[in-house]
Amino acid sequence: MRQFNKFRGTKGFIVLWERVLRFRYMITEQAKERCRILAYWEKYGDLATEEAFNVSRSTLYRWQEALNASLGKLEGLNKKSTSPKKRNVRIVDERVTTFVIEQRKLHYRLGKKKLATMIKDEFDIVYSESKLGRIFNDLKKKGLLPKYIKVSMYAKSGKVYERSIKKRKKLRIKDYRPERSGDLVQIDTVIKFINGVKRYVHTAIDVESDFTFALAYTTLSSKTSTEFMKRLIDVVPFTIKRVQTDNGLEFEKYFRDYLKTKNITHFHNYPRCPKMNAFIERFNRTIQEDFINWHLMALRDDIHRFNTELVDWLLWYNTKRPHESLGMVSPLRYIVMTLPAKKSHMWWTRTFY
């Protein structure tokens with residue numbers, strides 16, 4: 001479809017449009033205000049202008065000089081950059097620069113804290129960690145520090161290629177208190193070593209109702225975590241809206257994709273901050289002290305029998321065991337108490353073991 005300019009052929013249209021753009025985008029409101037103040041100053045004098053706008057006489061002369069320098073164009077009154085014209089230059093001893101480059105080539109994981117101590121011992125020069133960090137940045141910008149990349153190799157062809165790492169922003173949660181069951185479920189993994197054999201127990205707890213679930217697996221991966229999540233959704237007597245885990249690899253890939261298909265929000269803990277998962281960490285201690293440590297041989301030799309007995313224990317834990325945090329009632333009774341009367345008869349515990 002052809003487009004037509006209705007102003008085509010109009011004399012002076014381009015010049016007029018350029019002026020419109022210049023006045024719209026190049027002249028700031030601050031420049032217009034300064035122009036009005038200068039006009040007021042010319043009419044009423046220094047004292048009245050200073051009292052009305054709280055502007056000194058030297059400032060007024062400076063604005064007037066800027067306006068004259070721009071040949072009367074209001075752009076001359078726009079606010080200019082206040083950054084210093086001459087900046088301080090970081091002075092670094094050449095011996096230190098050479099030493100840092102050589103050490104990073106030999107030991108690429110050597111940090112600024114250790115290098116600061118080594119520089120003091122070698123040259124008797126005291127540099128702070130922050131200054132060494134700035135020196136590192138300067139050397140990286142100049143390309144003087146060696147760049148180390150992660151590579152992978154195809155087993156069949158033997159070709160080596162650079163491995164690209166895509167950083168994905170993770171959702172974090174802090175100081176969130178759920179209002180209903182299913183608003184936030186914390187999930188974790190208990191790892192047990194039994195006579196050289198490693199076993200994994202996935203655990204989950206609803207923060208609001210203390211309703212829990214757990215299953216043991218022989219391997220740890222995102223596939224087993226996904227399988228555990230599917231069973232968890234089938235078992236719990238509520239709809240899961242949010243899940244909180246640590247940053248383990250078992251909660252990536254298939255686990256993350258499955259949560260997306262179920263429209264469940266996935267939150268991660270901050271690194272090295274297990275207290276954010278306080279509810280599941282406390283349950284991990286309870287399940288180990290009350291059940292796992294008493295069934296270690298079954299966990300090692302017959303994991304199906306272990307899971308069957310674990311489900312029986314979880315039924316007792318969720319339906320019979322009083323919880324002090326819930327007013328000495330069981331999690332399932334607490335959930336039923338918080339439901340409307342019409343829905344309270346719709347939910348029954350379901351297991352697949």
Side-chain angles (χ1 to χ4, degrees), residues 3-94 96-97 100-101 104 111-113 115-116 119 125-145 147 165-176 268 270-271:
Q3 296 182 352
F4 296 92
N5 184 0
K6 62 182 181 180
F7 294 105
R8 185 177 181 181
T10 304
K11 187 177 181 179
F13 169 72
I14 300 298
V15 176
L16 178 62
W17 181 247
E18 289 179 351
R19 289 183 179 178
V20 170
L21 291 177
R22 180 169 62 87
F23 277 94
R24 184 176 179 181
Y25 297 105
M26 296 183 65
I27 301 175
T28 63
E29 292 297 327
Q30 190 178 34
K32 296 177 183 178
E33 179 66 18
R34 289 177 176 180
C35 184
R36 285 192 291 267
I37 295 175
L38 287 176
Y40 186 91
W41 175 50
E42 185 178 355
K43 185 175 181 180
Y44 297 103
D46 300 341
L47 185 59
T49 306
E50 186 174 356
E51 291 179 355
F53 300 100
N54 194 23
V55 178
S56 66
R57 187 183 179 198
S58 59
T59 301
L60 293 171
Y61 276 107
R62 180 164 51 85
W63 290 352
Q64 189 181 53
E65 184 179 355
L67 187 62
N68 294 333
S70 63
L71 302 178
K73 295 180 180 180
L74 292 184
E75 291 92 328
L77 295 177
N78 287 340
K79 187 177 180 180
K80 297 179 176 58
S81 175
T82 57
S83 60
K85 296 180 180 179
K86 293 184 179 180
R87 300 176 181 271
N88 294 333
V89 180
R90 188 176 297 109
I91 300 176
V92 182
D93 195 305
E94 293 184 2
V96 173
T97 303
V100 169
I101 295 173
R104 287 301 293 265
K112 54 188 178 182
K113 187 174 183 179
L115 273 173
I119 290 171
I125 300 176
V126 179
Y127 279 167
S128 63
E129 293 181 37
S130 58
K131 184 170 183 178
L132 271 176
R134 291 189 289 271
I135 293 174
F136 282 163
N137 291 333
D138 293 341
L139 294 176
K140 286 180 181 177
K141 291 178 181 178
K142 296 177 182 178
L144 297 178
L145 285 183
K147 182 181 179 182
I165 301 176
K166 296 181 180 179
K167 290 187 177 181
R168 183 177 55 86
K169 187 176 181 180
K170 297 181 179 179
L171 293 176
R172 309 292 184 183
I173 189 170
K174 188 176 182 181
D175 299 332
Y176 171 74
H268 290 81
Y270 286 98

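With a 6.0 Å radius and a threshold of 12 heavy atoms from other residues, nucleotides or ligands, Glu42 has its CD atom at or below the threshold. For Tyr44, the OH atom sits in a loose shell: 12 or fewer heavy atoms of surrounding residues, nucleotides or ligands are nearer than 6.0 Å.
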Just list the side-chain donor-acceptor pairs under 3.5 Å for residues 59-67, sequence neighbours left out, or say none.
unit_1 : atom_1 : unit_2 : atom_2 : d
Thr59  : OG1    : Ser56  : OG     : 2.9
Tyr61  : OH     : Arg57  : NH2    : 3.3

I'd like a table of donor-acceptor pairs (distance under 3.5 Å, sequence neighbours excluded) in which one partner is a side-chain atom from residues 136-144, with atom names and distances.
unit_1 : atom_1 : unit_2 : atom_2 : d
Asn137 : ND2    : Gly133 : O      : 3.4
Asp138 : OD2    : Arg90  : NH1    : 2.4

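Between the CG atom in Asn54 and the OG1 atom in Thr49 there is a gap of 12.0 Å [rounded to 0.5 Å]. The OG atom of Ser128 lies 9.0 Å from the NZ atom of Lys112; values are rounded to the nearest 0.5 Å. Note that the CG atom of Leu132 and the CG atom of Leu115 stand 6.5 Å from one another [nearest 0.5 Å]. Rounded to the nearest 0.5 angstrom, Leu77 CG and Leu38 CG are separated by 6.0 Å. Annotation: the span from Ile37 atom CD1 to Lys32 atom NZ amounts to 14.5 Å, rounded to 0.5 Å. Note that the CD atom of Glu33 and the CZ atom of Arg36 stand 4.5 Å from one another [nearest 0.5 Å].
Of all non-hydrogen atoms in Ser70 and Gly76, the two that sit nearest each other are OG-CA, 3.6 Å.
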* Could you walk me through whether Ile119 and Val100 pass side-chain contact (heavy atoms from CB on, under 4.5 Å), step by step? => CA-CA 9 Å; Ile119 290 171; Val100 169; 4.2 Å; yes
